[in-house]
Amino acid sequence: MAALEASVLNMANTVKELQSRVSALDASLSNGGGGSGLPGDALKGMDGDLVLRSLVWPEGTYGLLMPETGCPSQGFSFVDWRSDGYRQFHTESTSTVNLNQFSPNVHLKQPYQTTNGAQQLVFLYFCVNNEGVNNAEGPTWPSGSYCIHKRNTCPEGFHEGSIFWDQENTLPNNKYSEMIPNGAYGSDTRMDYCCRRDGRPDDAVYLPTAKPFYLYRFDGKCQQVAGMNVVNEFIVFDTENTGGNIDKYTGEYHPDGRLNDIRVELCYYSR
């Protein structure tokens, strides 16, 4: 009986939450779009599915690279973003010149590069949705050409791949927090990705637009997102020079770039 009562209570709370979000959506449409990131007229001209996709982050567990503005807005979404995940990469530090490089005016969360004595360090920060059940009512990810970080399992429609970084061998100084995307984080790094190529990148998809966010470029061109401007950015990691560099890809589903001083292509979205 206690278990049944708990189940009924959970169902009632879920219904209340859905009713609250529907009311908020109605208010947003009535007040010119509110905090949705889209003009009210644009929302009113869209069918219900596209309105949902423009306000609610897709279902599943996954990670996104964090921009300088922080994690995407929760808005009407059930996503409870975890923003405490990071990876510290110890890049080549025994050569005369370090070749780490970032796009001019890159929008990554700072600091994304520091030194510790002779050590050359690169930081990546992550927005992780680890509670897929909480946004199970969200839309599916749209067809297109892009990658996200894998967390637990890839959402429907994606395929898995990875990048392996051969990092500095001398006194390695690599750190990470627990709430990060899937991979292997020791003296070297492997990061797992979810990628798809079931749509044309020039055909705009609908994702929430309230705050900037990153996707990874896949198959040569950034995916267009309705209501957002996109800029192709990049990171170059100066990986190990001695002993034969063993940077590698696993499979064909990974962000665009190159190996042996790994370059990763990013797509930054903002209004």
Side-chain angles (χ1 to χ4, degrees), residues 63-72 83-128 145-149 161-169 172-177 180-181 183 185 187-193 195 201 211-225 228-241 245 247-249 254-271:
L64 302 178
L65 193 60
M66 188 187 301
E68 59 192 355
T69 51
C71 290
S83 60
D84 52 343
Y86 76 95
R87 173 58 164 170
Q88 174 181 298
F89 295 79
H90 184 186
T91 60
E92 177 60 46
S93 300
T94 55
S95 296
T96 305
V97 178
N98 180 276
L99 301 178
N100 292 336
Q101 187 179 358
F102 299 83
S103 302
N105 302 316
V106 71
H107 294 87
L108 293 168
K109 174 179 168 60
Q110 299 188 36
Y112 48 79
Q113 181 171 228
T114 65
T115 59
N116 179 18
Q119 296 178 345
Q120 303 287 331
L121 307 175
V122 170
F123 296 85
L124 295 182
Y125 305 87
F126 306 99
C127 301
V128 174
S145 181
Y146 57 94
C147 299
I148 57 177
H149 282 283
S162 67
I163 302 176
F164 179 86
W165 281 256
D166 183 12
Q167 295 176 231
E168 174 62 49
N169 290 337
N173 181 14
N174 303 292
K175 299 178 181 178
Y176 68 98
S177 67
I180 54 177
Y185 302 96
S187 58
D188 296 313
T189 299
R190 189 199 79 236
M191 300 195 77
D192 300 335
Y193 300 89
C195 303
K211 288 183 67 177
F213 60 89
Y214 276 107
L215 299 175
Y216 287 97
R217 201 186 81 188
F218 186 49
D219 274 356
K221 197 171 187 179
C222 283
Q223 175 67 51
Q224 294 295 311
V225 174
M228 300 293 266
N229 300 310
V230 61
V231 178
N232 192 164
E233 300 180 353
F234 67 86
I235 311 170
V236 176
F237 301 79
D238 189 348
T239 50
E240 181 59 46
N241 291 345
N245 183 281
D247 294 344
K248 66 179 180 180
Y249 295 133
H254 53 75
D256 289 346
R258 67 156 191 256
L259 299 176
N260 200 354
D261 293 344
I262 287 177
R263 176 172 172 137
V264 181
E265 300 291 340
L266 317 175
C267 300
Y268 173 73
Y269 298 87
S270 63
R271 294 179 60 208

| field | Exercise: do T239 and D166 side chains pair donor with acceptor under 3.5 Å | value | no
| If you measure from CZ on R263 to CG on L99, what distance do you get to the nearest 0.5 Å? | 13.0 Å
| Are side-chain heavy atoms of K211 and F213 found at a separation under 4.5 Å? | no
| query | L124 versus F89: any side-chain heavy-atom pair under 4.5 Å? | reply | yes
| task | Mind checking the CD-CG spacing from E240 to N245? Nearest 0.5 Å is all I need. | result | 7.5 Å
| query | Between CZ of F237 and CG of N260, what distance do you get to the nearest 0.5 Å? | reply | 14.5 Å
| For Y185 and M191, what are the C-alpha separation, side-chain angles and deciding distance, and is it a side chain to side chain contact (heavy atoms under 4.5 Å, CB included)? | CA-CA 8 Å; Y185 302 96; M191 300 195 77; 3.5 Å; yes
| Heavy-atom side-chain proximity of L121 to N116 below 4.5 angstrom | yes
| request: Taking all heavy atoms of T91 and all of E168, pick out the closest pair and write down the distance. | output: O-CB, 3.5 Å
| request: Answer whether the closest heavy-atom distance between the side chains of Q120 and H90 falls below 4.5 Å. | output: no
| request: Taking the side chain as every heavy atom from C-beta outward, state whether Y193 and P255 have any pair of such atoms under 4.5 Å apart. | output: yes
| said: Just so I know, are the side chains of I148 and L64 near enough to count as touching, which here means a heavy-atom distance under 4.5 Å? | reply: yes
| CA sep, side-chain torsions, deciding dist, call: T189, Q167, side chain to side chain donor-acceptor pair (under 3.5 Å) | CA-CA 7 Å; T189 299; Q167 295 176 231; 2.2 Å; yes
Determine all donor-acceptor pairs shorter than 3.5 Å in which one atom belongs to a side chain in residues 104-113; sequence neighbours excluded.
residue, atom, partner, partner atom, Å
H107, ND1, N105, O, 3.2
H107, ND1, E233, OE2, 2.5
Q113, OE1, N100, ND2, 3.4

| field | Any donor-acceptor pair under 3.5 Å from E92 side chain to D238 backbone | value | no
| message | Is any side-chain heavy atom of K175 closer than 4.5 Å to one of F123? | response | no
| task | Would you confirm whether S145, through its side chain, and P201, through its main-chain N or O, come within 3.5 Å as a donor-acceptor pair? | result | no
| request: Would you tell me whether R271 and N229 have side-chain atoms, one donor and one acceptor, within less than 3.5 Å of each other? | output: no
| said: Could you go through Q119 and N173, starting from their C-alpha distance and side-chain angles, then the distance that decides it, and tell me whether this counts as side chain to side chain donor-acceptor pair (under 3.5 Å)? | reply: CA-CA 8 Å; Q119 296 178 345; N173 181 14; 2.8 Å; yes
| task | Can you sort out the partners of D219 under side chain to side chain donor-acceptor pair (under 3.5 Å), two or more places apart, ordered by chain and number? | result | R197
| note | Heavy atoms of G85 and S177 approach each other most closely as CA-OG, 2.9 Å
| query | S187 and N174: which non-hydrogen atoms are nearest, and at how many Å? | reply | O-ND2, 3.0 Å
| said: Nearest 0.5 angstrom please: C147 SG to F218 CZ, how far? | reply: 5.0 Å
| request: For Y216, check side chain to side chain donor-acceptor pair (under 3.5 Å) against everything at least two apart and list the hits. | output: H149
| request: May I ask you to check whether Y86 and Y176 place their ring centers less than 6.0 Å from one another? | output: no
| said: Check whether N232 reaches the backbone of K221 with its side chain - one donor and one acceptor, N or O, closer than 3.5 Å. | reply: no
| field | Residue of the set D261, D188, I262, I163 for which side chain to side chain contact (heavy atoms under 4.5 Å, CB included) holds with D247 | value | I262
| task | State, yes or no, whether a side-chain contact exists between F102 and F234 at a heavy-atom distance under 4.5 Å. | result | no
| field | Nearest non-hydrogen partners of S83 and C71, listed with the distance | value | CB-SG, 3.5 Å
| Audit row: Y125, I180, side chain to side chain contact (heavy atoms under 4.5 Å, CB included) steps and yes/no | CA-CA 8 Å; Y125 305 87; I180 54 177; over 6 Å; no
| remark: In this structure, CZ of R190 is separated from NZ of K248 (nearest 0.5 Å) by 9.0 Å
| request: Take Y268 and Y214, measure what ring-ring contact (aromatic ring centres under 6.0 Å, His included) needs, and give me the verdict at the end. | output: CA-CA 5 Å; Y268 173 73; Y214 276 107; 5.2 Å; yes
| request: State the OG-CG distance between S93 and N98, to the nearest 0.5 angstrom. | output: 6.5 Å
| request: Could you label the plane-to-plane angle of the Y249 and H254 rings as parallel, tilted or perpendicular, counting under 30° as parallel and over 60° as perpendicular? | output: parallel
